[in-house]
Amino acid sequence: MVSGQEPSMGQSVATDSGERAYAAMIAKARALVPQLRERAARTEELRHLPPETEGDLHEAGLFRMLQPKRVGGAELDYVALIDCAELLGRADASVAWNLANLASHHWMLGMFEQRAQDLVWGREPDVLIASSFIFPAGRARKVEGGYQLRGSWPFSSGVGSCAWNMLASVVASDDEADGIEYRIFLLPKADYKILDTWNVAGLRGTGSSDVEVRDAFVPDHMTVAVGDLAGGATPGSKVNPNPLYALPVFSLFPYVLSGVALGNAQACLDDYTEVARHRISTYNRAKLSDFQSTQIKIAEASAKIDAARLIMRSACNEAMEDARRNHTPDMVTKTRYRRDGAFSVNLCTDAVSMLFAASGARGLFTTGVLQRQFRDAHAINSHLAFNFDAAGTNYGRVALGLPSENLTL
C-alpha cells in the first residue's frame, strides 16, 4: 500500500478496555477484506449483499459496533464507523455502505425511549434496522397515543434483510403557526412495503430499494423528535449514559458513510500503484513507473485521501470529546461538521476520478475493479450529505450570522 494508514483511535479512547475492544473490531474487519473483495462481482449481480457476507458481518460483531453494551453491543467510539467502513470499503463499497448504515441504526436506537429499545432488542439483539431519512417523503399527524404515518421513501439501504425501519417524516399541524416538526418513526416490517426499485450504476450491491407506508399507527414511544437528537441528553440517556448517545446525530450524519468513500479511494490508489509498478506502455514499451506524470498522480491522489482521512477522524474525535465534557456544539461547529464531511468525500471522489482517467482504456474493462471503484465513488458522492454546495452554503450563512437552513441541526 502507498498510504493505507492503519486506523488509530488516538485521543478518542477513554480507557484501555475501549482501546482493546476497538483493536479487536478493527482486526475482525481487516480479516474479512480478502473474501469480500472476491465476492464483489456477485454482490453487484445480486443487487444486495450475499447471505454469507451478512453472516460474516454478524459473526464479527460489526453491525453492533455502536450498540449499547447493556444489550451485548461493543459501544465503541463514533470514529469506529469511519475506520471499519474504510477497511471494508477497500474490498467492496457496497458492503461497507450497508455495514455503516445498519450499524449506525443501533447507535440511533440507543437514543430512543427504553420501551422502543426493549421491544426491538429484547426479541433479537442483533436484528437489523433499515432507514430513510428523507423527511419530505412522509407525512405524519398526531393522534391519541401516537401518530398516523404515510409516505413513500427512497434509498432504504439493506432493507430486504431488516426487520425494522427508521423512517423520517414531517409532522403535519392543523395550525401552521405551530411550525414544522421533524420526527423519526420506527416501524416493524409488517407496516411497510418494499418496492424493488434498485437498478443503478453504482453501489449496486446495497439493495437500497424504496419503501411505502399506506397508513400506519406508530406509538409515541416508537418515535423520536429530531430536536432531541441535536446534542446532549436524549430519551435513551437514562439507560445509555455513554457520551456516544449524546452526540448531535444529524450534524455528524456525513460520517456515518464517509468512511466508505475513503476505503474505496484507498483501494483504487493501491490497485493503480500496483499496476503502475509493473505495467509497460503499449505504445513505447516504457515502464509506467518511470513516468513523472504517474508519480505525480500517485502523490496527488494519496495526499487527497490522507487529508480526507484526517478530516473525517478529527471531526468524530472532536465530537466525542465534546460529549464527554457535556458540551453541545454551537451551530457554527455543527455546520462545520457538515461542511467537512462533504469536502472530505469530495476529495476521495476527485482522487478516484483522477486515477481512473490516468489508467486509460484499461479502466474500461468490466472484468477489472477500477470501473466499479469509479462508479461507486460517484454513487457515494451523489448522496445529499456530500453535496458541498449545500453544506458549504449553509456553513457560509451561519459564519455570516444568518440562520441555518438545515432544520435537522
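Counting from 1, the numbers follow the sequence of the chain as shown. All of these numbers come straight from a predicted model, not from anything done at the bench.
- Arg375 and Glu44 are joined by a salt bridge, as a carboxylate oxygen and a charged side-chain nitrogen come within less than 4.0 angstrom of each other.
- Between the side chain of Arg339 and the backbone N or O of Ala391, no donor-acceptor pair lies under 3.5 Å.
- In the displayed structure, Glu124 atom CD is contacted under 6.0 Å by more than 12 heavy atoms of other residues, nucleotides or ligands.
- Using a cutoff of 4.0 Å between basic side-chain nitrogens and carboxylate oxygens, Arg47 and Asp196 are scored as salt-bridged.
- Electrostatic pairing of Asp118 and Arg115 does not count as a salt bridge here, judged by no charged N lying under 4.0 Å from a carboxylate O.
- With rounding to the nearest 0.5 Å, the separation of OG in Ser157 from CH2 in Trp97 is 6.0 Å.
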*Asp330 and Thr333: side chain to side chain donor-acceptor pair (under 3.5 Å), yes or no, with the steps?*
CA-CA 5 Å; Asp330 60 19; Thr333 303; 2.8 Å; yes
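- Look at Glu318 and Arg336 and you find a salt bridge, because one of the NZ, NE, NH1 or NH2 atoms lies within 4.0 Å of a carboxylate O, short of that distance.
- When atom types are taken as modelled, the side chain of Tyr255 and the backbone of Gly341 share a donor-acceptor pair closer than 3.5 angstrom.
- Ionic pairing of Asp92 and Arg204 is not present here: no N-O contact between side-chain nitrogen and carboxylate oxygen is shorter than 4.0 angstrom.
- Rounded to the nearest 0.5 Å, atoms CG (Leu229) and OH (Tyr182) are 14.5 Å apart.
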*asked:* One pair to check against side chain to side chain donor-acceptor pair (under 3.5 Å): Asn406 and Ser404. What are the steps and the verdict?
replied: CA-CA 5 Å; Asn406 188 332; Ser404 168; 5.7 Å; no
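- A distance below 6.0 Å separates the ring centres of His58 and Phe63.
- A donor-acceptor pair under 3.5 Å is formed between the side chain of His106 and the backbone N or O of Val127.
- Contact check on Glu181 versus Lys142 returns no salt bridge, with no Lys/Arg side-chain nitrogen under 4.0 Å from an Asp/Glu carboxylate oxygen.
- The line from CG of Leu402 to CE of Met331 is 13.0 Å long, rounded to the nearest 0.5 Å.
- Side-chain atoms of Asp210 do not come within 3.5 Å of backbone N or O of Thr197 as any donor-acceptor pair.
- Here Glu300 does not pair with Lys297 in a salt bridge; the nearest charged N to carboxylate O distance is not below 4.0 Å.
- Taking the six-membered ring where the residue is Trp, Tyr78 and Trp107 present tilted rings, their angle falling between 30° and 60°.
- The pair Arg324-Glu321 counts as a salt bridge, with a side-chain nitrogen and a carboxylate oxygen less than 4.0 angstrom apart.
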_Candidate pair Gln148 and Arg139, rule side chain to side chain donor-acceptor pair (under 3.5 Å), full reasoning_ = CA-CA 8 Å; Gln148 290 296 134; Arg139 283 294 180 273; over 6 Å; no
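- The side-chain contact (heavy atoms from CB on, under 4.5 Å) test with Ile129 is passed by exactly one of Val120, Asn101, Leu187: Val120.
- Remark: Asp271 does not engage Arg90 in a salt bridge, criterion side-chain N to carboxylate O under 4.0 Å.
- When the shell of 6.0 Å around CZ of Arg70 is examined, it contains more than 12 heavy atoms from other residues, nucleotides or ligands.
- Ring orientation note: the planes of His383 and Phe253 are tilted relative to one another, at an angle of 30° to 60°.
- Counting only distance, with no hydrogens or angles, the side chain of Lys334 and the backbone of Ser251 share no donor-acceptor pair below 3.5 Å.
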*Just do the salt bridge (charged side-chain N to carboxylate O under 4.0 Å, His left out) check on Asp191 and Arg214 with the steps written out, would you?*
CA-CA 8 Å; Asp191 285 355; Arg214 292 292 177 90; over 6 Å; no
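- For the pair Met25 and Cys84, the minimum side-chain heavy-atom distance is below 4.5 Å.
- Going from atom CD of Gln67 over to atom NE2 of His105 covers 13.5 Å, rounded to the nearest 0.5 Å.
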*Step by step, work out the salt bridge (charged side-chain N to carboxylate O under 4.0 Å, His left out) result for Glu274 and Arg277.*
CA-CA 5 Å; Glu274 185 62 26; Arg277 281 196 183 103; 2.8 Å; yes
